[in-house]
Number of protein chains: 4
Amino acid sequence: MRDGSATREKINQAALELFARKGVAETTTRDIAGGAGIAEGTIYRHYKSKDELVRSLFLSLYSEQGELLAVQIRDESGIKEQIAVMIQLFCRLFDENRPLFTFLLLTQHGQLERVPDGIVTPVGVIREAITCAQAAGQIRKGDPDLLAAMVLGVVVQPAVFSVYGRLKQPYQDFSAELVQAAWGVLGLS
Amino acid sequence: MRDGSATREKINQAALELFARKGVAETTTRDIAGGAGIAEGTIYRHYKSKDELVRSLFLSLYSEQGELLAVQIRDESGIKEQIAVMIQLFCRLFDENRPLFTFLLLTQHGQLERVPDGIVTPVGVIREAITCAQAAGQIRKGDPDLLAAMVLGVVVQPAVFSVYGRLKQPYQDFSAELVQAAWGVLGLS
Amino acid sequence: MRDGSATREKINQAALELFARKGVAETTTRDIAGGAGIAEGTIYRHYKSKDELVRSLFLSLYSEQGELLAVQIRDESGIKEQIAVMIQLFCRLFDENRPLFTFLLLTQHGQLERVPDGIVTPVGVIREAITCAQAAGQIRKGDPDLLAAMVLGVVVQPAVFSVYGRLKQPYQDFSAELVQAAWGVLGLS
Amino acid sequence: MRDGSATREKINQAALELFARKGVAETTTRDIAGGAGIAEGTIYRHYKSKDELVRSLFLSLYSEQGELLAVQIRDESGIKEQIAVMIQLFCRLFDENRPLFTFLLLTQHGQLERVPDGIVTPVGVIREAITCAQAAGQIRKGDPDLLAAMVLGVVVQPAVFSVYGRLKQPYQDFSAELVQAAWGVLGLS
DNA sequence: GATGAATGAGCCTTCATTCAT
DNA sequence: CATGAATGAAGGCTCATTCAT
């Protein structure tokens, strides 16, 4: 990979780690260059601006998560199993890569507004599953956007608290409870 | 203006509104001064730094919300009613003062870490109610921090989507659904 | 002294002490007001500006020292005794009021340029004594300004080192040595 | 400009000249940038702060003078010649580069306190020469720090007056007189 | 005369971005 | 493609000074 894509990857890694640890505004391009072991100017061979780096990083990681979820539930037909499977996956990924989720969680503000259409997002996947389940009569009617948001909230808010040290165990420990609660939100069992 | 408390209030108002609209990092002290109709230096007679202004604003508003919730549930004895009452209050306040909640929601990251002990917070109030209900056998056992986080998530995540335009109705329209879902999280009916 | 001259004196005292300790540029009007136990605005009832305060303080103290020297040598006729007497006085005053001399020493730059004519200064007094002594044939000819500067240097430079901690004894301990050296400068014994 | 040492030198030159002419506190970073023909931010690629620029400039020039003196007297064995040679060198350098000495003279206050150990300073060199001479029995006993300070004073105080226009001739004109006086301080001839 | 909240010019410093090498 | 010195706009903050009370 002498074409520079290795460099790009180093930038992404360093940026992700720094953004998660210090926040986007508090991370300078010099920090990123230092973390990636490259010159400051080199960042601009790969991204037009710091802002584009942030957006690009967010979008690719955000949709990547969406796709992982989508793949995971493809073969499940019941909403209960789909919810369970998604939450279990989220818990595992979260424990395995905290910086990634920390970045996603604290960058969503200011990025969510500009998510382009046609991208697979975590909420989108949840929403889709809910809509199907409603069509199949598995769960009650109701605004699918709202239902998806609430299910997401059940999983994400404890994650935020975990990031900020209010919940100290591995996130997978909460897996069963989270599934139970998400079902409760949808009125299942 | 014998005492400067009116000026301080103008600063708070302008800062809140700007922080909510543009974000903290994107709001300059010049913006704030302009919005408040005062000189830039005047901010520093009331706050030692921009950072202190942000922290002070966050903490006072955050704990103020906590106290409103605490007062609201004081006379309710059942957890079901307490949850319902809290959510209804939140919905109303949210609709009445979006900038306030927008500020709180997007500033929590970077502020939550440094909330001092001994302050009444929204989560704290929910947690407290849950603990009591568990003691009274009204709901199942389980980590009260986790339960509180999940309940909070049910209410807050849709609010975030509302702020970013993904849910367009007045938040109070969702009130009943939110209550239902929160109950579901706790395994109530 | 209910006419405010007591206040003025408090300002002078506080300013002198602070200027000596931190330097003029590093001392704020707020510092001075704080040190004097008055309001910031009150300074401006007594001085038109901070700069005028500095100048006024310097000039009055500087010329006061000159006058003390002048009085001291009035009754001495020989240059040797005059030198001795002046140096002994300086040593005593220096030990008794370090802040004053510290202020004078580190403020001379930037103030010496604007000492008005017709003021009795320490150098002036020394210069006068030297001129008289030359007229009386007590010491060799030579530019009296230069001779005065050199004599002053002998006494002042060790004082500077004393202020900065390089000479640690009471300044009066050096009295005899200083006199000896000053005589040496003038070619006396 | 592959390396920035030329730029650093431009900064040093401009700063020195401005500090000497207007004083450190009265010289802004904008002034320096303007004088050096560079952007304001460029200063901060070479110095961490204005204060560090001042300190660095002072220390390098101060010790440079010390080293010039040290080199000059290396081959002289008698204290009389050493004193003479040092003073002649000082006079010549002073006439050749007034800004440098003006800067040194008016910045010593506030910098002398933080001269690190192990640096060759003008006073150090004089003190050393005096100590040797005492050991060799060439001059009388006495605190070498005090003697060095007095000798320095003889040379420096007239220089200060020269800077402030009280002595108007080239400083080299005073060379012989200064040597004579310095000898007198040490009790020589 | 004294107060102290308010002012606003201007300072030091940061940092995303450019460009010659 | 990579470098890193240089840029310069803009930000947070200080502080001498004013003025209504």
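Proteins come first, then strands; the chains are lettered A, B, ... in the order of their sequence lines, and each starts at number 1.
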Both distances under 3.5 Å, Watson-Crick or G-U wobble: on that basis, could you give the dot-bracket string for DNA chain F, with [ ] for crossing pairs and | for other-strand partners? .||||||||||||||||||||
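- Inter-residue side-chain proximity for D:Leu61 and D:Leu16 is flagged as met; some heavy-atom pair is nearer than 4.5 Å.
- Rounded to an integer number of Å, the gap from CD of A:Glu52 to P of E:dT17 is 10 Å.
- Panel note: side chain C:Gln108, backbone C:Leu105; a donor-acceptor pair is recorded below 3.5 Å.
- Summarising the geometry, the separation between CZ on C:Arg8 and C1' on E:dA2 is reported as 16 Å, rounded to the nearest angstrom.
- Here the closest non-hydrogen pair linking B:Glu40 and B:Thr29 is OE2-OG1, 2.8 Å.
- The shortest non-hydrogen separation linking B:Val54 to B:Phe103 is O-CZ, 4.1 Å.
- Residue C:Lys22 places its NZ atom among more than 12 non-hydrogen atoms of other residues, nucleotides or ligands, all under 6.0 Å distant.
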Nucleotides 7-14 of chain E: protein proximity per nucleotide (B base, S sugar-phosphate only, - neither; heavy atom, under 4.0 Å): BB-BSBBB
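- Taking side-chain N and O atoms only, A:His46 has a distance below 4.0 Å to OP1 or OP2 of F:dA2.
- Atom P of nucleotide E:dG4 and atom CG of C:Asp31 are separated by 17 Å, given to the nearest angstrom.
- The side-chain hydrogen bond (donor to acceptor under 3.5 Å, both in side chains) test with C:Tyr164 is passed by exactly one of D:Gln111, D:His109, D:Glu113, D:Arg114: D:His109.
- Of the possible polar contacts, one joining the B:Asp31 side chain to the B:Thr28 backbone as a donor-acceptor pair under 3.5 Å is found.
- The backbone N or O of C:Leu57 sits less than 3.5 Å from a side-chain atom of C:Ser60, completing a donor-acceptor pair.
- Atoms CD1 (D:Ile11) and P (F:dA5) sit 12 Å apart, rounded to a whole Å.
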